[in-house]
Each structure stands twice: as C-alpha cells, then as structure tokens.
Amino acid sequence: MAGNKSYTIVEYFGGDDGYRCGYCKNQIGNFSHGMWSHTMTVQDYQDLIDRGWRRSGKYVYKPILHKTCCPQYTIRCHALKFQPSKSHKKILKKMNKFISKGELPKEQHEGEPMDSVSEESGPRELRHSEMKCPASSDIQAAMAECPTVAEVHKEDVDVTSTNSETSRSDLVSVPGGRTTSAPKPGVGPDANRPPCRKAKDVRKERRLKKEQKKGDADGDPSIVSPTPTSPSQNNSPKLLEDFIAESLRDNSSHCLEFRRFLCDSPLEAEYSPDGPEVGYGSFHQQYLLDGRIVAVGVIDILPSCVSSVYLYYHPDFASLSLGSYSALREIAFTRQLQKQSPKLSYYYMGFYIHSCPKMRYKGQYRPSDLLCPETFVWVQIERCLPPLEHSRYARFNQDPDAGDVRALKDVGKALVLYRRTVMPYAAYSRKRKGSSDETEVRQYAGLVGQDCAERILLYRT
C-alpha cells in the first residue's frame, strides 16, 4: 500500500449460527453479523456504529434485530442538552458525601449492572464551538462539588498501586449492622494463640506450599515459598488489582480474554488540528481514591462522540452506584471535549434493550435517540417506546418511503485486500480462481454501507 494513508482492514465472518444470549439466557437465540478488525480508523468506526455496529475488543458485530431474541438498538445521549434526573442527582450527592465524610452507603443502588452503560454484548463471553446550554449548569455544578477522580490514560491500564494503606481504608470497611449498646471491655487476645487469619488466606498458603513441594520434587527452582502474611496485611482492604488478579490467577485463558476485551482495540490513535487535545482512539479512565484505583472505564473518543465500551470496579464500592456515576462523568467529559472539537457532542451508551427490563435504565439519560434499524436515522426515544411495547422489533422511522441513503449500490466498488494489494472487488473477482464469493461480499458490503465499503479493506485469501 503506497503512501501514509491509514486503512481499516477487516475479515468478515457472517452470522448464520445462533449463540447464547446474555440477557434472557436463550442458548441459541442471539444472532449477529461479525467481523474481526485488524486495524480501524476512528471515522470508519464512527460510521459503523451509526449503522448499528459495535466493538468488543477487536471483534466488531451487528445484531440481527429482526431475528435475535433480545433486539439491541444503538442509543445516544445529547450530552450538551443532558439534564440529570432526581436519581442522578442522588447518586452525585451520595458520592460527594462519601468523599467528604467517608460514609459508604450500606445498600447497592437498585438496577446497577457492573458494566455501566455497556452490556454483555456479542458473542464474546466475559458497557465544538462553545455552546451555551441551560442544562449544563446542573450537572457541572454537581460535579464541581466532587474532587476529580478520573484520569485519562492511553492504551493499557496501569494497575500499579501507589498507596495501599490510605487514610480512607478504614472508611471503606463499614459494618453492615447496628449496635444498640457499647460493647463490654474484654481481656484481649490470647497471647499464646496465633493471630486470626482469613480462611481464604489459609487456603492460599496451603496451595502455594503444595506447589512448592511439587516444584521441589520436579527440581523446579522457580517456585519459592510464600512470604508469611502479617495480620495487618490481612485486615487491609483489597485493591482493585488484587481483586482482578485473584479472579484470574488460576486460569491464564481468562487473563487473555480480559486483555482482549478490555485492553485490545483496533482503533488507530489519531490527532487533528480541530480535534480534542487528547486525540481520538481508545482510552482508559482510571477512578482514583487516595491513590487507589477503584474503577476503570473503557471509552472510545470518536469524531462525533464519546462511546462507552465498558466499566469495571472494585466490588467493595458497589453501593456507590459507580456505573451510573461513571456515565455522568463521561457525559461531563464529552462536554469538555466539545469545547475543543465542535462536532463531538454525543455520548453513545451502547445498546438499549427494551425487552430486558434491567437494561432500560439507559433510556433515563435524556434527551436521547435510538437508531432506526432500517433507515439508520436517529429518532427521539419517546417516539420509539410505544412500538417497542407491542413488538420486540420495530422500525422507528415513520416515513414509509424513507430508506437507507447509504445502501449498497455497486458491490464492484467495494475495496478488498488481496495478496497485499488494494483493489476494487470487480478487479479481484476477475483474478480470483475457484467458486464465487460474491454472495458473502455483497452481504458484508450491504451491512457496512456503500461509503464504508469503498473505504474499508475486506481481507481476501
């Protein structure tokens, strides 16, 4: 490929087979088209998500809405016009109270999924010119009361703790019950008995000892004896890094899947004179509390939007409604970026799934739109909800004559990458030997649209 032009390169996989649905648990009811993206420009991905596609790591997929058991409609929020609801303000006040006073709520906020505004999606198995907006004062004023806890870092997450023993550690471990009277003074611990230890620490030490014995028997010098754990270490709260490592330690395939889903991205980092200072691409936002990482949000910054990919957080802080809180933060972040890049004014929340009650919360971020699955125009969510009450699948554009303006017109103009050479499909089909693949290429090009088909390189062997 000549020159310095960046290309999107994909391999298309089709979507004939059903697989397990993460929402209704139907074993074969979830259907989607998919393709693996080796590399992708931010503009191509912007155009793809505006046609109902979405990425999970480097895998990009588009649900087959009229066929799948739980139709997933792309949803976006008008960040500049967003007004927090009473429940949103309650979440902000709860966070401000915790940071200022150290009071951790005892109960988790209802309807708070782990992945914030992202979802258990796809076949993976693991969410401007200066414009005056009267609504911006509400959320920005509430945010101003709360110290900034989000820091943007490009590429991989730095999971190195800077301070595990913090002044907030005692505030994190809040007892769940109440005492009606002061406890009577005791005689203290028995000095002749060893200090109390958690059962899981005992099991961990036993397992490591077994591994050490096995290593000694096999002559493996790489296995060393564990360092004895002190009582003070046992009583200190676990870090997010420890929680992740503990859940993935015994299965290297889980670690690989974790990295593929949350760290790998096909998006190329790009910078533009009229774009945001941080540039475009995939980012991790770390939420820090006294030097500890308590949550990490994965986002994509694209020419027209901030797209929320996923959020994971330490379970000790579940009662803070970090999923909803991070969404509010990301909306505020979108507003900041819009001041640097006028076109960047939307916050994409992934998919809205009306047939799954726990996923309807995304519709509470108003004003918002849903993407019509047939014409690919945005329609106010208030107009979309009535037809969804009667049918899982619905066309939102009420104009019966309207169609897809970017529909495929000429498959011969679709670009392919064949033997390290870029060529239109018409030229490739003349060179190719064997059975025709036009049906597959036509399906792919119809799904991405004529414009994307003429820019994206479809890999052919």
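This chain uses plain numbering: 1 for the first residue, then up along the sequence.
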Problem - Asp44 and Arg455: CA distance, side-chain angles, deciding distance, salt bridge (charged side-chain N to carboxylate O under 4.0 Å, His left out) verdict - result: CA-CA 8 Å; Asp44 284 342; Arg455 294 197 311 260; 2.8 Å; yes
Problem - ring pair (Phe, Tyr, Trp, His ring centres under 6.0 Å) between Tyr348 and Trp378, intermediate numbers included - result: CA-CA 12 Å; Tyr348 282 47; Trp378 295 98; 5.6 Å; yes
Practice task
Go through the side-chain N and O atoms of Asp437 and Tyr428 and say whether any donor and acceptor fall under 3.5 Å apart.
Solution key: yes
Problem - Distance-only donor-acceptor check, side chains Tyr280 and Gln43, under 3.5 Å - result: no
Heavy-atom count around [X] [atom1] within 6.0 Å, excluding the residue itself: above 12?
{"X": "Arg395", "atom1": "CZ", "value": "yes"}
{"X": "Lys409", "atom1": "NZ", "value": "yes"}
{"X": "Arg406", "atom1": "CZ", "value": "no"}
{"X": "Glu382", "atom1": "CD", "value": "yes"}
{"X": "Asp399", "atom1": "CG", "value": "yes"}

Practice task
Examine His33 together with Tyr61 and report whether their ring centres are nearer than 6.0 Å.
Solution key: no
Practice task
Check whether the ring centres of His354 and Tyr393 lie less than 6.0 Å apart, and answer yes or no.
Solution key: no
Problem - Option from Ser307, Ser282, Ser265, Ser308 for which side chain to side chain donor-acceptor pair (under 3.5 Å) with Asp300 holds - result: Ser282
Handout entry: Distance under 6.0 Å and angle within 45° of ring axis: Arg76 vs Tyr346
Key = yes
Exercise for the section: For His78 and Leu80, indicate whether the former's side chain and the latter's backbone hold a donor-acceptor pair under 3.5 Å. Expected result: no
Practice task
For the pair Phe13 and Glu440, evaluate side-chain contact (heavy atoms from CB on, under 4.5 Å) and give the outcome as yes or no after the intermediate values.
Solution key: CA-CA 9 Å; Phe13 296 134; Glu440 178 183 330; over 6 Å; no
Problem - Non-neighbouring partners of Glu277 that pass side chain to side chain donor-acceptor pair (under 3.5 Å), sequence neighbours left out - result: none
Exercise for the section: Among Phe351, Phe396, Tyr352, find the one that has a ring-ring contact (aromatic ring centres under 6.0 Å, His included) with Tyr73. Expected result: Phe396
